[in-house]
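Notes to accompany the following structure.
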Amino acid sequence: MVSTNEQSTSKNSWEPRIVAFFCNWCTYTAADLAGVSRLRYSPNARIIRVMCSGRIDPQFVLDAFSKGADGVLIGGCHPGDCHYIEGNYKALRRVQLLKRMLKDMGIEEKRFRLEWISASEGERVKTVINEMTEQVRELGPLGMPERFADWDKELDILEKEINRKGETVDA
Amino acid sequence: MHGNGHKEDIRIGFYVCHCGHNIAGSLDVKSVAEYVKTLPGVAVSRDYKYMCSDPGQELVQKDIRQNKLNRIVVASCSPLLHEHTFRIAVEKGGLNPFYFQMVNIRENVSWVHTDKKAATEKAKDLARAAVQRVFSHKPLEPKHVKINPDVLVVGGGISGIHAALTLANAGKKVYLVEKSPTIGGHMAMFDKTFPTLDCAACILTPKMSQVKNHSNITLWSYSEVTKVDGYVGNYKITVKRKPRYINEELCVGCMDCIEKCVYKEGKTPDEFNAGLSKRKPIYIPFPQATPQVVLIDREACIEFKSGHCKKTCVEACDRNAIDFKQQEETKEIEAGTIILATGFKTFDADKVPYYGYGKYQNVYTSLEVERLVNASGPTSGEVILRNGKTPKMIGIIHCVGSRDKRTNRWCSRTCCMYSLKLAHLLKEHTDAEVYNFYIDMRTPGKAYEEFYDKLLEENVHFIRGRVAEVTDCAVRPEEEGKLIIRAEDTMIGIVRRVPVDMVVLAVGMEPKEDAQDVRRMFNISCSTEGFFLERHPKLAPVDTFTDGIYIAGACQGPKDIPDSVAQAGAAAAQALSLIDRGEIELEPNTAFVVQEECSGCRTCLTICPYNAISRDEEKQKAFINEALCKGCGTCVAACPSGAIKQNLFEDEMIYSEINGLLKLTSTECC
């Protein structure tokens, strides 16, 4: 239920909104390192910490898009480095499938990204977030909540039309 | 349930920390606090200078009591730093510690963004996500795990030795596993140690024999860890013991076999003498090697190569210790904590061909010179060059492979000091003119600068400038037959050509070749340059991100002997504090199956990396063994029926975070 979507999507003030899911052991630690190293990067990504990239349910990604995210970023340990042996491989498998699905849904490829970032790669956090922010900015707002609202309206109209036709036939 | 699980009852306390200027300098903390006050469920919203301080924590506790708060959210630094601190504070206030959520607005916001408005906006989003998240938090009990008091120490250099002895003296049983045939590491190869110039062997070998003789230490040299299973307090380690072809129990180290070997002269480069001498196929690395047991190099031994050796070594051994049929052994051990002290390797001078190593015979690495000046070295301590002469002019090139974008960027920390030491020793042995070519002299440490002063008085020459090349191309008569060091002298602004007889390359320190394999096996991280990563660079320098695994010595970064020993002691103390506590609290972030919703499809069974999930065939439901579950949450994401939940990371919590971040107030799905 979309209740208060404060951020205006008018062209001038629009800023890309990226939801990032980072694993606790590698990428979240790398983001901390970026902070400790005082690296500067764009403020568009919001990080959600999970223990492992394997915890990330594709539904989280879909949910974020549907709620108004313009991009979703997943950060995990490099292959072979997972704190939980192989959770990142499971994340990779899910991401591959999800990418095909998102494509079919008309969501541009660059809006969804999986990156392996180790605990020592603070610099990489900065580069990836900056890059992705710019790519999403070029694509413009995804606006799923607005699209849902439009589709609901269309459906309403269609439904009403069908009902009306039904009534006339009955009559 | 505590009866406060209903949304109507939720009373949240929100606190935003200034962290001095660290946070308050880059974002508007007041406006964050005011904003959060307007959110549903928030009863108290404050900002405070230092939330982690005692008054900050007491503020939370007082509010819990006075304002009947039942959820706490603190926006400050990274949860990896202070989540534990605040959980304890919340618990002291009378709440379950897991009714708490931390918002990272320092590492993730104020330290990385310059736009104050955008930073404030981001902080509000993150705060709202946490405020909405705590609605679905549940009271949890931490898991308690018993700590096996035995310790595994990997690596038998000075760090490993010191850590092992410290623990053994405290009465703990220690397994010391060393890859090479003897313990002692690099330090055993050194001649003297700076700045005191006491002989390395004299201070090290007594410790080595203490290790061997200590009743609490099991020393396995020529052995490698091949597998690590388990978790803090309960590690299961597999160790491969390579065959020495000598029965370790029977050999007394008399070395009669070595003398009687059919090879009258050694033919294999001697590792201990940095390849400057040759050893036989049957050998002992050096006279004080510990354990005092010889070994046979399978690659060089005629018996192994052809099977037609006279085996004079076997005849020579009174104790029948030689066993050509010895097989590799696999040992399984259990230990509660692990200390990694796997050391370093020196920079490979072949990577800087412009310094002529391998091309000109009188170019040496510093490690080779350590052996050359050592009384038990290949020349019995006489500095005789590969061309048989004694050098009259010596050039020491600092920072070889260090402080250079083309090779390694870091300063290896020890090279300035050991170069000074070698300058002193070489001068003492040969009375040659010694030139040091340095970029900066780095001598921080107790009595180090004084040592440098002493060298200046000894008439050792210092030229500030990076060396461009070492060449034998003479352009002046006095350069004939010499090696010429070309370097800019930045003090007087000219390029100098210094003809010398001997060049010493002060090679830097690098991570060991197999550091990446080792860290994967032990499930720890490496920093960018490949040294093992500490949990916190200042406050947890010997801890790793894996509980119960500690690091010490040069495997963590370049360091000298005093620092390695200090770190080894620290690692031992960390292990001891865990052992003596007897048990450790673990995050209760395990997964569990909601039985009514499980369809028994088996999807989770194959996905769990720890085999923690089994299926009750009678009930046709999955069941998670909490003791085996490590809380990755992979099964939760995989369950098609949504029947598995992960404590602290339930779907509901993550969805409410997503909602919060995207400025949606409700937790329902679209």
Side-chain angles (χ1 to χ4, degrees), chain A residues 1-7 15 17 19 21 24-26 28-29 31-44 46-52 54-60 63-64 66-69 80-87 90-91 94 118-121 123 126 144-145 148, chain B residues 77-81 104 106-115 118-119 121-122 125-126 129 516 519-520 523 525-529 533 537 545-546 587 589 607 609-610 630-638 642 646 648-649 651 654-655 657-666 668-670:
Chain A
M1 204 193 306
V2 184
S3 35
T4 52
N5 209 319
E6 293 163 26
Q7 198 157 349
E15 274 293 321
R17 286 187 294 176
V19 173
F21 297 94
N24 183 67
W25 304 100
C26 290
Y28 193 85
T29 312
D32 271 5
L33 176 65
V36 174
S37 319
R38 310 296 200 278
L39 304 177
R40 304 294 177 182
Y41 57 82
S42 65
N44 299 61
R46 311 280 189 261
I47 300 169
I48 295 177
R49 181 173 68 106
V50 286
M51 294 313 285
C52 178
R55 170 69 184 95
I56 300 160
D57 192 325
Q59 197 68 44
F60 296 167
D63 189 66
S66 74
K67 302 270 178 64
D81 289 2
C82 178
H83 191 83
Y84 302 102
I85 305 172
E86 50 187 27
K90 279 145 195 168
R94 290 176 192 138
S118 81
S120 64
E121 296 175 313
E123 193 72 39
K126 168 187 156 175
M144 287 311 284
F148 282 132
Chain B
C77 48
S78 169
L80 303 185
L81 192 65
N104 184 346
R106 195 179 72 175
E107 284 82 347
N108 281 352
V109 184
S110 69
W111 277 352
V112 288
H113 304 319
T114 39
D115 179 345
E121 201 54 37
K122 182 172 170 181
D125 287 353
L126 294 171
Q516 293 291 335
R519 75 158 174 100
R520 287 208 175 102
N523 206 350
S525 299
C526 275
S527 44
T528 328
E529 65 278 10
L533 186 69
F545 285 101
T546 303
E587 279 278 288
N589 57 11
I607 217 156
Y610 304 104
K630 292 197 188 177
C632 62
T634 304
C635 57
V636 190
Q646 183 187 9
L648 290 172
F649 292 91
D651 280 357
I654 290 166
Y655 285 127
E657 274 193 81
I658 298 172
N659 279 326
L661 292 182
L662 296 167
K663 303 183 193 299
L664 303 172
T665 49
S666 83
E668 284 103 303
C669 249
C670 288

Less than 4.0 angstrom from a charged side-chain N to a carboxylate O is my criterion; do A/Arg55 and B/Asp651 meet it?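 Yes, A/Arg55 and B/Asp651 are salt-bridged.
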
Can you say whether [X] sits under 4.5 Å from chain B via the side chain, the backbone, both, or neither, judging by heavy atoms?
X: A/Val36; answer: both
X: A/Thr29; answer: both
X: A/Cys82; answer: backbone

Check whether [X] gets within reach of chain A through its side chain, its backbone, both or neither, counting any heavy atom under 4.5 Å.
X: B/Ala638; answer: both
X: B/Cys635; answer: neither
X: B/Glu529; answer: neither
X: B/Asn589; answer: side chain
X: B/Arg106; answer: neither
X: B/Leu648; answer: neither

For residues B/Asn659 and A/Lys67, report the shortest heavy-atom separation together with the two atoms involved.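 For B/Asn659 versus A/Lys67, the nearest heavy atoms are OD1-NZ, 2.8 Å.
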
Run the ring-ring contact (aromatic ring centres under 6.0 Å, His included) test against B/Phe545 and tell me which residues pass, sequence neighbours left out.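 Not a single residue meets the ring-ring contact (aromatic ring centres under 6.0 Å, His included) criterion with B/Phe545.
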
